Structure formats: structure tokens, C-alpha cells
Amino acid sequence: MRPPTMMVVTFVLVAFCDGRKKAWSPEVPHHEGSMREAVLRELERSLERYPLAKTTEDAHKNLARHLGCYDRVILVVEGRVFLSVRHYHLGKHKPQYHLQFVRSVVARSRDFPNFAYVFEEGAKGTSGSRVCANYGNKSDPRADDELPHVAIAKHSGYSQPGVLIPNPYVANVSTWDRQMKAERQAHVPWPDRDPRCSWRGALTDRGGHCEANERRASSKAGALLFESFIPSPAQAGNYARFCAIVRSSEHPKLLDVKAVARFEPPKADDGKGKHCVKYDEDMRKAAERAKHSNKSYVADFMHYTEFPKYKMLLNLPGVMGGSYSRHLNHLWNAGSVVVLWNAPFVEWYYPALRHGETHVAVDCATFVDRLKYYNGRNGTLLEGLRAAAARVYDEFLSPGGLARYFHDVATALRARLGFDKVLDDPQARFDALTKLDCPSFFFTEVLTSEQWCGPEPECTRATFTLKMIRPDDPVLGPCAQKDRTGERHLRSEYRRLVPDTGDRMWRLVD
């Protein structure tokens, strides 16, 4: 159900008065249909840049190229998940969370599609398959072609290559469900909530050189997000965070936006007279005050279960310059109005979002006036936006919504690349894998086990087991090592590449 028409019409007038440009950059042109249909349209559009597999030969080539990218590829066949012991950075948290997500989603489905995909863990969506181990292989000219890859975000908008998938921080969707229910139980009745817009997070000056600023500021991403010079990509989120915190200090009855522990504004110059960041007067004064005391800009850490104390919750760009937010995953479920900082970054469900209907969009120039407008109404607008945020969670960020969309991605990728022609039929799969010298990729089956210890992501402890494939395996038998020498080589690669965390997070079994 759409929010009341009055809400939409009233905002259109306000947006017109604001002038200049679209209030929220990722917003796609309006089409008839549901929010889910808007997301699926972008999924289909993102695949159009990749050639359609029209023949079985095309499908064989696509499978070969994906498995050749053994350090990035994940294979899902017959409800089982496979990857190579040479997979990139198994010791990093995002690939680990993603594997928990995939395993839990596949386990929920009785008919999850068979497919292979290249996973990019970065939050900018700019690497893709160019980082595959086989990229540039002169014996295979097509190894230089870009493979369809999945990305958790796109830094500069929808036009970047790749297919968007959920960011990995939900991890196991069953655990996520318990976590979200625990947070919902902490909801404060709407009339009792603090009317201010709240945020907590880091503001840490990450340095960087100013020389590249003019190029970055003149780029689409730089112009949309910063409207000024910025010091470096590493500082990307800090300018927005600094602005929001300064605005809060000037309007404490409207905003409760504070840094946690430290308040380190991005520098206005590099000490050599080179202009880095365009401060307004309030920001300049705050930067000066912070040299002596930052007490008015910092506050204690706020747990997710405290978010529902506020009627409005702000999301800001990442401190590392990344384009997605672990924080935002929780905001849609808080029973509050979601406020998004205008930026070109996009995640998978953003095509469903519309400023004034699902959230309020702000930037450094409009932040205060826009929130005054919404707080100054009779409550109808806030109530409609609050209900819309809950619909976004139910449709997209709930366990069912997350699982449904990943199923959609698998279905669309396999249809585009022809994986149904080579992975669904056991004999066709056997023949295809046999031709590829599959044992040389060192594939194993991924198993996970978890123990949930509370409503915090860090309480989800996972142990990953990599199970060696046996020759009689009905799914990936041709990828098994052919003799003990091959098995010793695989074990050697495992010991060399898989991190020893000391708590046996990873283990290899027969």
C-alpha cells in the first residue's frame, strides 16, 4: 500500500521549491508496478551488458570461464555450495559472512537454482572479474572479457558493471531473523519516542593527498556527494559525517548526531596551501573548537536496540569511503522514519526507494530545513514514512525478502549464461566438468555451523568446514582429486592459503 497521496503531493511541492537537482541521486524513474518489480527491472537491466548464451557451446564456455576464476567463484549445485581452497581471502569477514548467507538461503529452498558466480567483496563494485587469477590468460582470449560478477554495492551508480546482491552483514538469515525480532521487541511506543533525528558512528580523519581532488570533485560521484573538493577516496564518508555532526551541534533540539569516542574532522587543507575541503562557516568553527575540545560532538556508543527510541534515524556514507552500510540494514526495522544522505552509491533494493515515500533524503545544504519541514507537519507525513520503512524491511531486508531476491539473482544469471544447459542434467554436468580438468581447481564443499549467543552480529560464531570431494560424488565427482598425490597437493594448498585463526574457524575434512 502506498503512503497517503497527500504526503507525495506535498513533498513534490517542497522538492520543487528546493530546486537544483533530484533530492536523492539513486532514485530511478517511476514506473507502474510494485517495489519488487522495480528491483527486478534493474536486475534484468544489469545483465544486458553480458552476452546471452544461445547454445550449449556458449554455456560450456561460460562455465569454463567461471570455474577458471577459481579464486573468486562460488558454485551452487543441487542445494550444495562449493568453492576452491584457493578462494580469495577466506580469512576476511565479508566473504565469511557471505558464505553463511548463501548456505542459509540455499538451505531454506527445496529447488534453489544451479549456478556459478564471481563474488566481489569490495563495497565499491569496481573490480569485478578483472581480479580473477585467470584474467589475462593468453591461451584463452576470452579470459580478458569481463565476467558477470555480483557486487554488494556500486560506488558510482547503477551503470557500473555487475549484478547487485545483499551486503553480507546479515550472514545467516535464520540468525538475522532472531536478531531482528529481538530488536523489534525493544521498540518504544511512537508517542514516547525522542522526536530528534539520531546517528552514532566514527569520524576519523584518514588523511590523503589533495592533488587528486579536482579530478574527483568534478566526477559524477564527487559532484553528487560532496559539491566541493574532498581530500581522497579514503575521506569520502567523513565530509558528510562532519557536516551532519556540525549541523546537530547547531540544532540540538532537532538533531542528535554524534561521533563515538573521537571527533577528527577532515582537514581543510594539506598544510601547504592546497585547498582540500570546502567548509562553511559553522564547519570551520567546529574544526577550530575540536582542536581544543570535542565534548559537544561526541557521545557514547548506541546499540541497535536503542535505535527505536527515536522517531527519525539517519544513515550516512561509510567512513572508509565505501558505498553500503551495515548500519542501514537495521534502520528499516526500527519502527522509525529513515533519513538517507544523498549520495550516488546504490545497493540492490535502492530502485524501490523514493524520496518522500520510503524515506527522507538530505544533504549538507538541505539537512536542517528538510527535517524542520517534516517535524513541523501534523504527523501524517512521519506516520506514512514510518509505515513505508517497515514495508521496505518486510519486502527486502526480512529473511524471506533476502532469500527471495538471491533466488531471483541465481535464476536470472543462469538464464543469461546458460547454466541450466550444463548444470541441471547430471550427465551433461559430468561431461562438462570432465572436459575442464576440474581437479586442478581444488574445489571443496562448504559446510558451516553456528551458535547464536545474542542479538549482536559479533555473537554469531561460525565454523567453516571444507569437505574434500570424492570421485563418486553425484554432483561434483569429476572435480575430485584422482589420487593421493592430488589429495596431498590440495591439503598443502589449504595449509598455505587458508588462515589459521587459532580457534579452528576453518578445517578441512575428507
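All values reported here derive from a predicted model rather than from experimental measurement.
- Side-chain contact between Ser46 and Leu164 is absent, with no heavy-atom pair separated by less than 4.5 Å.
- Side-chain contact between Pro344 and His155 is absent, with no heavy atoms from C-beta onward closer than 4.5 Å.
- Proximity of Glu44 to Arg41: side-chain heavy atoms (C-beta onward) are nowhere separated by under 4.5 Å.
- With hydrogens and angles ignored, the 3.5 Å screen pairs no side-chain donor or acceptor of Lys311 with any backbone N or O of Arg193.
- In this model, no donor atom of one side chain and acceptor atom of the other lie less than 3.5 Å apart for Arg36 and Tyr405.
- Arg354 places a side-chain N or O within 3.5 Å of a backbone atom of Val28 that can act as its donor or acceptor partner.
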Q: Given side-chain contact (heavy atoms from CB on, under 4.5 Å), test Glu37 with Leu40 step by step and report yes or no.
A: CA-CA 5 Å; Glu37 288 171 338; Leu40 294 180; 5.6 Å; no
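- In this structure, Lys258 is not positioned above the aromatic face of Trp199 in the sense of NZ or CZ being under 6.0 Å from the six-membered ring centre and within 45° of the axis.
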Q) Are His355 and Glu27 close enough, and set up right, to give a side-chain hydrogen bond (donor to acceptor under 3.5 Å, both in side chains), and what steps lead you there? A) CA-CA 8 Å; His355 167 55; Glu27 194 166 301; over 6 Å; no
Q: With side-chain contact (heavy atoms from CB on, under 4.5 Å) as the test, would you mind laying out the steps for Lys94 and Tyr169 before giving the verdict?
A: CA-CA 7 Å; Lys94 281 189 283 188; Tyr169 285 114; 3.7 Å; yes
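- With Tyr88 as the aromatic partner, Arg72 meets the cation-pi criteria of under 6.0 angstrom to the ring centre and within 45 degrees of the ring axis.
- In this structure, Gly335 and His187 approach most closely via the heavy-atom pair N-CE1, 3.5 Å.
- The shortest side-chain heavy-atom distance between Trp176 and Pro399 falls under the 4.5 Å cut-off.
- Comment: Arg247 does not engage Glu250 in a salt bridge, judged by the lack of any side-chain N to carboxylate O separation of less than 4.0 angstrom.
- Met312 and Val339 get closest at one heavy-atom pair: CE-CG2, 3.8 Å.
- With Ser104 contributing its side chain and Gln100 its backbone, the two residues share a donor-acceptor pair below 3.5 Å.
- Across all their heavy atoms, Glu306 and Met302 have their closest contact at CB-CG, 3.5 Å.
- The shortest non-hydrogen separation linking Arg416 to Glu48 is NH2-O, 3.4 Å.
- With Ile245 as reference, Val257 is the one residue of Val257, Val298, Leu316, Leu255 to meet the side-chain contact (heavy atoms from CB on, under 4.5 Å) rule.
- Here Phe307 and Tyr304 bring their ring centres to under 6.0 angstrom of each other.
- Checked against a 6.0 Å centroid threshold, the rings of Phe101 and Phe406 count as neighbours.
- When every heavy atom of Gly162 is checked against every heavy atom of Tyr50, the shortest pair comes out as N-OH, 2.9 Å.
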Q: Go through the steps for Arg386 and Ser336 under the test side-chain hydrogen bond (donor to acceptor under 3.5 Å, both in side chains), then give the verdict.
A: CA-CA 5 Å; Arg386 179 190 181 212; Ser336 306; over 6 Å; no
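- Checked by atom type and distance alone, the side chain of Lys154 never pairs as donor or acceptor with a backbone atom of Val163 at under 3.5 Å.
- Closest heavy-atom contact between Ala23 and Ala361: O-CB, 3.6 Å.
- Side chains of Tyr158 and Glu42 form a contact here, defined as non-hydrogen atoms less than 4.5 Å apart.
- Under the 4.5 Å side-chain criterion, counting only non-hydrogen atoms from C-beta, His66 is in contact with Val118.
- Ion pairing of Arg404 with Glu395 is present here, as a side-chain N (NZ or NE/NH1/NH2) and a carboxylate O approach within less than 4.0 Å.
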Q: Could you walk me through whether Val360 and Val337 pass the side-chain contact (heavy atoms from CB on, under 4.5 Å) test, one step at a time?
A: CA-CA 8 Å; Val360 177; Val337 174; 4.2 Å; yes
Q.
Pair Leu340, Leu353 - check side-chain contact (heavy atoms from CB on, under 4.5 Å), show working.
A. CA-CA 10 Å; Leu340 301 181; Leu353 306 184; 4.2 Å; yes
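- Residue Asp192 qualifies as enclosed at atom CG: its count of foreign heavy atoms under 6.0 Å is above 12.
- Under the 4.5 Å side-chain criterion, counting only non-hydrogen atoms from C-beta, Thr448 is not in contact with Val81.
- Distance check, rounded to the nearest 0.5 Å: CG of Asp280 to NZ of Lys285 gives 10.0 Å.
- Annotation: the span from Leu381 atom CG to Tyr374 atom OH amounts to 6.0 Å, rounded to 0.5 Å.
- Atom NZ of Lys309 sits about 9.5 Å away from atom CZ of Arg196, to the nearest 0.5 Å.
- Remark: aromatic rings of Trp348 and Phe396 are close, center separation under 6.0 Å.
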Q: Could you go through the ring-ring contact (aromatic ring centres under 6.0 Å, His included) check for Phe115 and Phe419 one step at a time?
A: CA-CA 6 Å; Phe115 82 126; Phe419 288 145; 7.5 Å; no
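- How far CG of Asn167 is from CG of Asn329: 4.5 Å, rounded to the nearest 0.5 Å.
- For the atom pair CZ (Arg108) and NE2 (His407), the distance works out to 12.0 Å, reported to the nearest 0.5 Å.
- Under 3.5 Å, the side chains of Tyr350 and Trp24 contain no donor-acceptor pair of N or O atoms.
- The closest side-chain heavy-atom distance from Arg200 to Asp256 is below 4.5 Å.
- In this structure, OG on Ser25 lies 3.5 Å from CG on Asn342, to the nearest 0.5 angstrom.
- Side-chain atoms of Asp363 and Thr366 form a donor-acceptor pair, as typed in the model, at a separation below 3.5 Å.
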